[in-house]
Structure formats: C-alpha cells, structure tokens
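Can you read through this structure? Questions will come right after.
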Amino acid sequence: MATPLDPHAAIVTEAGGAPDGKLTTADGQPLQKALARSSRAARRRAFFLVAPLLAFIVFTFVVPIGQLLYRSAHNDGFSANMPEISAWFAENPPGTTPDEAAFAALARDLLASAEERSIGTVGTRINYEVPGTRSLFTSTGRQVRRGIEPPYQQALLEIDEEWADAEIWAAMRGASTAYTDSFYLASVDRTRDIDGNITPVAEHRQVYVMLFLRTLWLSGLITALTFLLGFPVAHLLATLPMRKSNLLMILVLLPFWTSLLVRTSSWMVLLQQQGVVNDTLVWLGVIDSNGRLEMMYNQVGTIVAMTHILLPFMILPLYSVMRTINPAYVRAARSLGATSWTAFRRVYFPQTLPGLGAGALLVFILAVGYYITPALVGGSSGQLISNMIAEHMTGTLNWSMAAALAAILLAGVLILYWVYDRLVGIDNLKLG
Amino acid sequence: MALPSYASPLERLWHRSYLLLCALIFFFLIAPIVVIIPLSFNADRFFTFTQEMLSLDPEGYSLQWYDRLATFGMARPDAPRDAAWFADMWANSNWVNAAKNSLFVGVFSTILATVLGTLAALGLSRSEMPYRRLIMATLISPMIVPLIITATGLFFFYSSACVPQGSWMQDLFSPVLSNRGCLANTYLGVILAHATLGVPFVIITVTATLIGFDQSLNRAAASLGANPRTTFFRITMPLILPGVISGALFAFVTSFDEVVVVLFIAGPEQQTIPRQMWIGIREQISPAILAVATLLVGFSIALLTTVELLRRRSERIRGVTPG
C-alpha cells in the first residue's frame with residue numbers, strides 16, 4: 001500500500017493510475033517536468049556559488065584586460081586636440097599634397113592646442129611615429145601663439161622646414177582618427193607610407209619582430225632544456241620507493257616554493273665575473289683568471305636562470321604521469337627480446353607523452369611571458385618581449401604601443417592556453 | 001629503481017651514469033638556493049667565498065648584513081640599542097616596513113581569494129554546473145596570462161577606476177582610495193590584484209581535494225536531518241580543510257612573492273619585500289639582499305613543510321595511499 005511517506009511507491013501507483021500513461025510524482029506533476037525543475041534549481045545553486053568569484057574576476061581581471069585591448073587600438077591624443085586638420089584628412093584621400101587649406105587648418109589647430117596646453121600630447125603622439133618630432137610641435141605652437149599671417153603654408157614653412165616633410169604628414173594622417181592600427185603595424189615593424197600603403201620601417205628601427213622571434217626561440221630552448229633535465233629526474237622519482245622519492249622530492253619542491261627574486265639574485269651571485277662559478281673554474285684551472293666567462297647580462301644568464309626557475313614545472317607533471325605507468329609493460333617488452341633502449345623508446349616513452357605535453361606547454365606559456373628574470377640577468381641580448389612592454393610603460397610612456405605588444409603576446413598565450421586545456425584539461429593542473 | 005641481478009656490465013655502467021646525471025641535476029636545482037646562505041654571513045662586501053670563509057675562520061663571518069637590514073632607513077641607526085632604537089627601527093626601517101606591508105597585503109588578499117575561491121570550487125565540482133569548462137578556464141586565467149600584461153591592464157584600470165570627486169561615494173570610500181579617489185597607489189588596489197592572482201591556486205587545490213570527496217557523505221548527513229549549512233560546516237568543510245589551507249598558502253606565497261604588479265600599481269606607501277628587493281638588486285646589489293634571501297628561504301622551507309604535512313593528512317583522511 002502506498003503511503004505519502006514512501007515516494008517511490010507513490011510514483012508507481014500514480015503511474016499505474018495515470019490516464020495518459022505518463023509517470024507523475026506524488027503531487028500529480030509529470031515526473032519529467034519535476035526533474036527538469038529540480039535540476040534547474042541545482043544548476044542555479046551551483047552557479048550562485050561560483051557567481052561571487054566570477055564577478056570579482058570580471059571586475060579585477062577581465063575588464064582591465066579589455067581596457068588594455070581597447071587602448072591598443074584607440075589613441076585620441078592627436079585627433080581630439082586637432083579637429084580641423086583631422087577633418088581635412090578625412091576629406092582628402094591618402095597621397096594628396098597638403099594645400100593651403102590644409103596648412104590653414106593645421107595652423108588653427110596648433111594655435112588652439114597651444115592655448116589649451118595640449119600641444120605636448122599632440123606632439124608626443126606624432127613622435128611615436130616619427131621620432132624626434134615632439135619639439136617641432138611645441139616650438140611651432142609657441143611661434144603660432146605669437147601670431148602668424150596667411151598664407152599659412154609659407155608661414156609654417158618659415159617657422160620650420162620640417163612641415164614640408166611628407167613623412168610627418170603621413171604620420172599625422174595615421175593619427176587623425178582615434179581608432180588606429182598604427183600601433184599594431186608598428187608591433188610587426190610596419191608603417192604606412194605617404195600613400196597609405198603598408199611598408200616595413202627603416203632597418204635600424206626594426207626591433208619588435210626580432211624580439212618576438214627571440215622570445216619564441218628562447219622559450220622553446222628553455223622548454224627543451226627543462227625537458228632534458230627534468231625527464232631523468234622525474235623518472236628516478238617515479239621509480240624509486242615512496243620513502244626515498246618523497247625525500248628527494250623536497251629537492252624539487254624547495255626551489256618551487258622559493259621566491260623568484262631569491263633565485264634570480266642567487267644566480268646573479270653565481271654567474272658574476274667575480275662570482276662563485278667563475279672562481280671555482282679559475283681554482284680548478286679550467287680558465288685563466290683574466291679569461292673569466294661572461295655568463296650574466298646576456299642570453300646565457302636568461303637561459304640558465306629561467307631553466308632553473310621553470311624546471312619544477314616540467315618535473316611535477318612528468319612525475320605524476322610516470323607514477324601511473326605500469327613497470328610490467330617494460331618488463332614484458334624486455335622478456336620478448338627488446339633491448340633496454342627499444343623498450344624505452346617504443347613502450348615507456350610513448351606513455352610519458354601526456355605528462356611531457358602538459359609540462360612543455362606549461363613551461364613554454366610561462367617562459368613566453370617572463371619579465372623579472374630577463375630584466376635582472378638578461379642584459380640587452382637576453383631581453384624578451386615583456387621587457388619591451390615594460391620599457392614602453394615606464395620608459396618611453398608610449399602606452400598604446402605597450403598595449404598593442406601586450407595584445408599580441410596575450411593572443412599567443414591564449415592560443416597556447418586553449419591548446420593546453422584541450423590536450424591536458426585545465427582541471428588536471430596539479431600544484432606541488 | 002633497482003637493477004636486476006642479471007644486468008650486464010654495460011647496463012650497470014649506464015645505470016651508474018644515470019644516477020650520477022640525476023645527482024647533478026638535483027645539485028643544479030638546489031645549489032643556487034643553498035649557496036646564498038653562507039654568503040649572507042660574509043664579513044666582506046663580496047659575493048664570493050673569501051679565503052677566511054673557506055678556512056672556516058670566524059673572522060670571515062659576520063652578521064653585519066642582517067644588522068643592515070634592520071637599520072636601513074632608520075633615523076638614528078647608530079644610537080645605543082635601547083627601547084627608543086627599537087621603536088625607531090619598528091617605525092622607520094625600510095625592510096621592516098616592507099615586511100609589514102607584505103604581511104598585511106598577503107593576509108587580506110589570501111582571505112579574499114580563499115573565501116571566494118573555495119565557494120567557487122564547491123560550485124564548479126557539482127555535476128550540474130553550467131558552462132563549467134569555460135568558467136573554470138576564465139577563473140584560472142590570471143595564472144596563465146603573463147604578469148606584465150596583467151600589470152599593464154591593471155595600471156590603466158586603476159588609474160581610471162576613480163569615484164567622482166565630492167560625491168557621497170568619495171566620503172564613503174575615501175579611507176581605502178587614494179587622494180584623487182582612485183584605486184591606483186592604494187592598499188585596496190594591491191590586495192584586490194593579489195587576490196586575483198591567488199584565486200587560481202585556491203581553485204586548483206580545492207577542486208583537487210573535492211575530486212576525492214565522497215558525495216554520499218553529504219547525502220547521509222541530509223538523510224539524518226542536517227540542513228545544507230550544517231552539512232557544509234560539520235561534514236564537507238572538515239574534510240576539504242587541508243586542501244583549503246594549502247590553497248590559501250599558495251595564494252599567500254603568490255602575494256608574498258609578487259613584484260611585477262606591485263611595481264606598476266603600488267605607490268611608495270605600499271612597498272613590499274619583493275619590491276624592496278627589486279630596487280636593491282637593480283640599483284646596487286649588496287650582500288644585504290642575500291640576508292633577505294636567506295630569511296625568505298627559511299620562510300619557504302617552513303611553508304613547504306606545512307603544505308607537505310597537510311597533503312599527507314588529507315590523504316590519510318581520505319584513505320588514499322600516497323602517490
């Protein structure tokens with residue numbers, strides 16, 4: 001006999017008695033609907049738990065990154081302060097020789113801008129495109145304020161010959177709209193010429209492509225080095241008895257937990273010309289005291305220190321995969337006549353690939369974005385693209401350029417992150 | 001990995017060299033951390049072992065660099081070391097202030113990251129969670145996106161995230177905002193940024209703990225009449241606590257070791273230990289940096305031990321054998 005206290009019995013009896021043959025709950029609802037409602041409620045409950053953090057991350061992380069991307073394509077330093085000449089550019093196609101109307105518009109804008117004290121901003125914006133032109137704007141602004149007579153073309157050219165320079169006019173055209181691709185073009189060593197075509201910049205100013213390539217190359221090299229050093233160690237840790245391997249694991253985890261700056265400064269101590277490594281080599285007689293090796297403030301410093309810092313990130317995923325590999329497979333291969341090398345190559349190594357993929361992607365992603373270590377031990381040849389972003393943020397103050405470089409780097413990292421999530425699954429990331 | 005007794009001499013040789021190679025790699029991993037410890041007691045201004053140090057002559061060792069840490073930035077470092085001297089050190093020493101700031105920022109960002117991150121991990125580990133993968137990827141991304149990009153983005157955001165001057169909001173929030181009503185150069189800004197960076201670590205460790213969590217325990221509690229709140233605090237929380245604590249430690253270390261974001265968004269008020277170290281290394285590296293480094297190594301050994309003990313405890317509770 002079904003009682004209200006026994007829901008299962010209720011479903012059965014109701015189902016038996018239902019006219020259309022559909023299952024219903026004790027209170028007469030169709031079971032399907034009741035299930036949908038309760039799973040909706042469960043979804044809502046799960047989402048409410050995540051919502052506070054999601055809102056927090058959106059506010060403190062996603063929005064700032066979005067703002068950064070916006071700034072990489074938006075700079076109104078010129079267009080907002082020079083409306084008339086910007087309008088002239090909008091009306092005339094690229095390649096038009098500036099006429100008297102253009103110079104008149106320019107002169108009026110320069111006057112207005114100089115009076116509002118925004119001429120420095122305007123000059124800085126053009127200075128990004130044509131280095132050394134900021135003073136052209138400020139000094140012309142001062143002259144214009146003292147009063148100039150039409151014809152303006154002649155008047156401006158009398159103040160400074162440079163106003164006839166087509167390159168400056170091309171740069172002003174590029175800056176005459178707030179939304180611009182010029183920073184992205186500059187990030188790949190390109191610029192727009194007088195006719196609006198995309199051309200490579202002068203050879204001595206091509207740095208960014210080289211820096212991107214160097215970042216990729218050094219990150220790849222560091223990934224390979226961490227693999228070469230990490231593989232034997234992970235293998236040893238995975239095959240030793242638990243007690244011993246736990247003890248040795250401390251040697252991997254201690255560097256992992258030690259401050260980045262501590263490790264970088266100890267490499268500085270080790271690699272200096274008067275440092276421990278050089279002293280030891282001299283003492284051993286490997287090198288002469290006058291022939292001390294330069295291992296710091298160059299690529300060697302960056303490579304050595306970053307390999308050391310990122311090595312645990314390779315060892316830990318490799319170790320956790322190797323732990324699960326059944327040693328019986330290798331023994332079986334050996335018993336079937338494989339040499340130890342063949343058994344390793346055809347049986348053991350393929351099983352470590354998931355760990356290798358996880359470790360390599362993680363190390364590469366982290367290496368591509370490294371800033372602190374190259375800045376301290378890299379010298380000029382060991383700098384990565386991050387250092388250029390920092391240089392534009394704090395040195396040249398070309399923030400749009402920093403944002404454009406950051407956006408390109410971000411795109412690369414996000415692609416790798418997506419691959420990592422596909423191959424490894426972000427839930428499988430383990431720490432320590 | 002023991003070698004079988006039938007191994008050929010060549011295999012034995014190979015095995016020996018493999019062990020030697022591993023020993024060398026362990027040396028590479030650990031030597032840079034160990035070498036700075038004796039060097040921080042150097043009596044000279046050098047970064048290398050002097051003759052006196054190598055012959056273990058007490059003359060070669062001194063605590064002067066630790067002393068310099070305490071006195072750097074003090075108004076009267078040479079005064080007799082009485083109560084007034086200690087008060088001066090506590091108030092003015094740059095490194096003491098940096099340590100205070102690091103702890104303050106670290107503690108609050110850890111609390112924020114741990115509370116929000118644990119809640120989110122609980123939600124994410126439910127099978128009903130919609131868009132699980134996407135949301136997880138978003139929440140982990142602060143760990144993956146290069147710090148320089150995060151720092152740049154936060155720099156723009158914090159200098160524009162301001163309350164209107166003279167509004168009620170300024171009256172309300174002025175204690176935690178800068179003079180101009182912005183997030184830039186404030187403790188709050190640094191705490192929020194560090195909490196963001198710490199969140200992925202909390203999520204990862206707590207989610208890992210929850211994978212081994214037996215949901216039937218919750219159902220058992222519910223069937224015995226416990227409401228969800230009681231179930232959480234009496235059943236779930238004690239079981240996942242080791243994971244939560246080790247996530248919190250990760251978040252704390254992240255904050256304690258973070259320098260890039262602080263360099264961009266913090267003002268001189270928010271000088272932390274890593275930032276002070278960065279300045280010290282950049283300008284003129286002195287053995288005082290090694291003294292700080294030695295103290296930090298001691299600190300990380302303490303943290304490592306704690307995390308390791310927690311991990312074992314967690315495995316014992318869950319009845320999982322290590323490994």
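So that the names make sense, note that chain A is the first sequence line, chain B the second, and so on, each numbered from 1.
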Identify the two heavy atoms, one from B/L29 and one from A/H308, that lie closest to each other, and give their separation to 0.1 Å.
O-NE2, 2.8 Å
Looking at B/I301, B/L303, B/T118, which one has more heavy-atom pairs under 4.5 Å with chain A than the rest?
B/I301
Which bit of A/V368 comes within less than 4.5 Å of chain B, counting heavy atoms only: side chain, backbone, both or neither?
neither
Which distance, rounded to the nearest 0.5 Å, do you find between the CD1 of B/I149 and the CG of A/L409?
4.0 Å
Tell me, side chain or backbone of B/L112 under 4.5 Å from chain A's heavy atoms, or both, or neither?
side chain
Show your working on ring pair (Phe, Tyr, Trp, His ring centres under 6.0 Å) between A/W267 and B/F28 and close with a plain yes or no.
CA-CA 11 Å; A/W267 277 114; B/F28 171 74; 5.6 Å; yes
Region of B/T207 in contact with chain A, defined by heavy-atom distances below 4.5 Å
neither
Select one option (side chain, backbone, both, neither) describing which atoms of B/A193 are under 4.5 Å from chain A's heavy atoms.
neither
Rounded to the nearest 0.5 Å, what separates atom CG in B/L147 from atom CD1 in A/I372?
8.0 Å
Value rounded to 0.5 Å, distance of OG1 in B/T305 from CG in A/L253
10.5 Å
Residue B/I289 versus chain A: region with a heavy atom under 4.5 Å:
side chain
What residue in A/G275, A/A402, A/A390 has the most heavy-atom pairs under 4.5 Å with chain B?
A/A390
Given a strict heavy-atom distance threshold of 4.5 Å, which part of B/A151 is in contact with chain A: side chain, backbone, both, or neither?
neither
Does A/Y417 reach the main-chain N or O of B/V145 with its side chain, forming a donor-acceptor pair under 3.5 Å?
no
Chi angles and distances behind the side-chain contact (heavy atoms from CB on, under 4.5 Å) call for B/R126, A/L49
CA-CA 10 Å; B/R126 294 192 175 193; A/L49 286 171; 4.0 Å; yes
Heavy-atom distance under 4.5 Å to chain B: side chain of A/W399, backbone, both or neither?
both
Within this structure, what is the CG-CH2 distance for the pair A/L261 and B/W278, rounded to the nearest 0.5 Å?
7.5 Å
Counting only non-hydrogen atoms closer than 4.5 Å, does A/R334 touch chain B with its backbone (N, CA, C, O), its side chain (CB onward), both, or neither?
side chain
Quick check on A/L69 against chain B: is it the side chain, the backbone, both or neither that has a heavy atom closer than 4.5 Å?
neither
Looking only at B/V260, B/I203, B/V297, most heavy-atom pairs under 4.5 Å shared with chain A are made by B/V260
Most chain A-contacting option - heavy-atom pairs closer than 4.5 Å, from B/R133, B/R282, B/E258
B/R133
Any chance you could measure B/L295, atom CG, to A/S259, atom OG, to the nearest 0.5 Å?
12.0 Å
Examine whether an atom of A/I315 lies under 4.5 Å from a heavy atom of chain B, and if so say whether it belongs to the side chain, the backbone or both; otherwise answer neither.
side chain
Any idea which heavy atoms bring B/P142 and A/F61 closest together, and the distance?
CA-CZ, 3.6 Å
Check whether B/L24 gets within reach of chain A through its side chain, its backbone, both or neither, counting any heavy atom under 4.5 Å.
neither
In terms of heavy-atom pairs under 4.5 Å with chain B, which of A/Y370, A/F48, A/F47 leads?
A/F47
So which of A/A46, A/G369, A/P64 has the biggest tally of heavy-atom pairs under 4.5 Å with chain B?
A/P64
Using the rule given for side-chain contact (heavy atoms from CB on, under 4.5 Å), can you reason through A/V269 versus B/L39, listing the C-alpha separation, both sets of side-chain angles and the distance that settles it, and then say yes or no?
CA-CA 9 Å; A/V269 167; B/L39 282 178; 3.4 Å; yes
Option that, when pairs with chain B are counted at under 4.5 Å, heavy atom only, ranks first among A/P327, A/S265, A/A407, A/P52:
A/S265
Check each atom of A/M268 against the heavy atoms of chain B and say whether the ones under 4.5 Å are side chain, backbone, both or neither.
side chain
Is it the backbone or the side chain of B/L290 that comes under 4.5 Å from a heavy atom of chain A, or both, or neither?
side chain
Hey, which of B/T294, B/V292, B/D257, B/L296 is the one that makes side-chain contact (heavy atoms from CB on, under 4.5 Å) with A/V262?
B/L296
Any donor-acceptor N or O pair under 3.5 Å, side chains B/E128, A/S39
no
Between A/S266 (side chain) and B/P32 (backbone), is there a donor-acceptor pair under 3.5 Å?
yes
Counting only N and O atoms by type, is there a donor-acceptor contact under 3.5 Å from the side chain of B/Y18 to the main-chain atoms of A/L236?
yes
In terms of heavy-atom pairs under 4.5 Å, which option from A/G230, A/S386, A/A51, A/A403 contacts chain B the most?
A/S386
With a 4.5 Å cut-off on heavy-atom pairs, point out which of B/L19, B/I36, B/I144 contacts chain A the most.
B/I144
Using heavy-atom distances under 4.5 Å, tell me whether A/R40 contacts chain B through its side chain, its backbone, both, or neither.
neither
B/P130, B/S246, B/G189, B/G247: which one forms the most heavy-atom pairs within less than 4.5 Å of chain A?
B/P130
Pairwise distance OG1(A/T258) to CZ(B/F299) - rounded to 0.5 angstrom
11.5 Å
Under 4.5 Å to a heavy atom of chain A? For B/E11 that would be side chain
Residue part contacting chain A, namely of B/L124, when any heavy atom lies under 4.5 Å
both
Below 4.5 Å from any heavy atom of chain A, which atoms of B/L21 appear? Answer side chain, backbone, both or neither.
side chain
Within the distance-only criterion (no hydrogens, no angle test), does the side chain of A/D279 pair as donor or acceptor with the backbone N or O of B/F49 below 3.5 angstrom?
no
Derivation of the ring pair (Phe, Tyr, Trp, His ring centres under 6.0 Å) call for B/F157 and A/F59
CA-CA 10 Å; B/F157 181 65; A/F59 176 74; 5.4 Å; yes
Atom group of A/L251 that falls short of 4.5 Å from chain B, counting heavy atoms
both
Engaged part of A/Q67 at the chain B interface, taking heavy atoms whose separation is under 4.5 Å:
side chain
Ring centres of A/W257 and B/F256 under 6.0 Å apart?
no
If you count heavy-atom pairs under 4.5 Å with chain A, which of B/L122, B/I140, B/L263 comes out on top?
B/I140
Could you look at B/S160 and say if it's the side chain, the backbone, both or neither that has a heavy atom under 4.5 Å from chain A?
side chain
For B/I25 and A/P232, the nearest pair of non-hydrogen atoms, with its separation, is CD1-CG, 4.0 Å
Option in A/D421, A/V413, A/I365, A/I389 with maximal non-hydrogen atom pairs under 4.5 Å from chain B:
A/D421
Measure distances from B/F155 to the heavy atoms of chain A and classify the residue's part below 4.5 Å as side chain, backbone, both or neither.
side chain
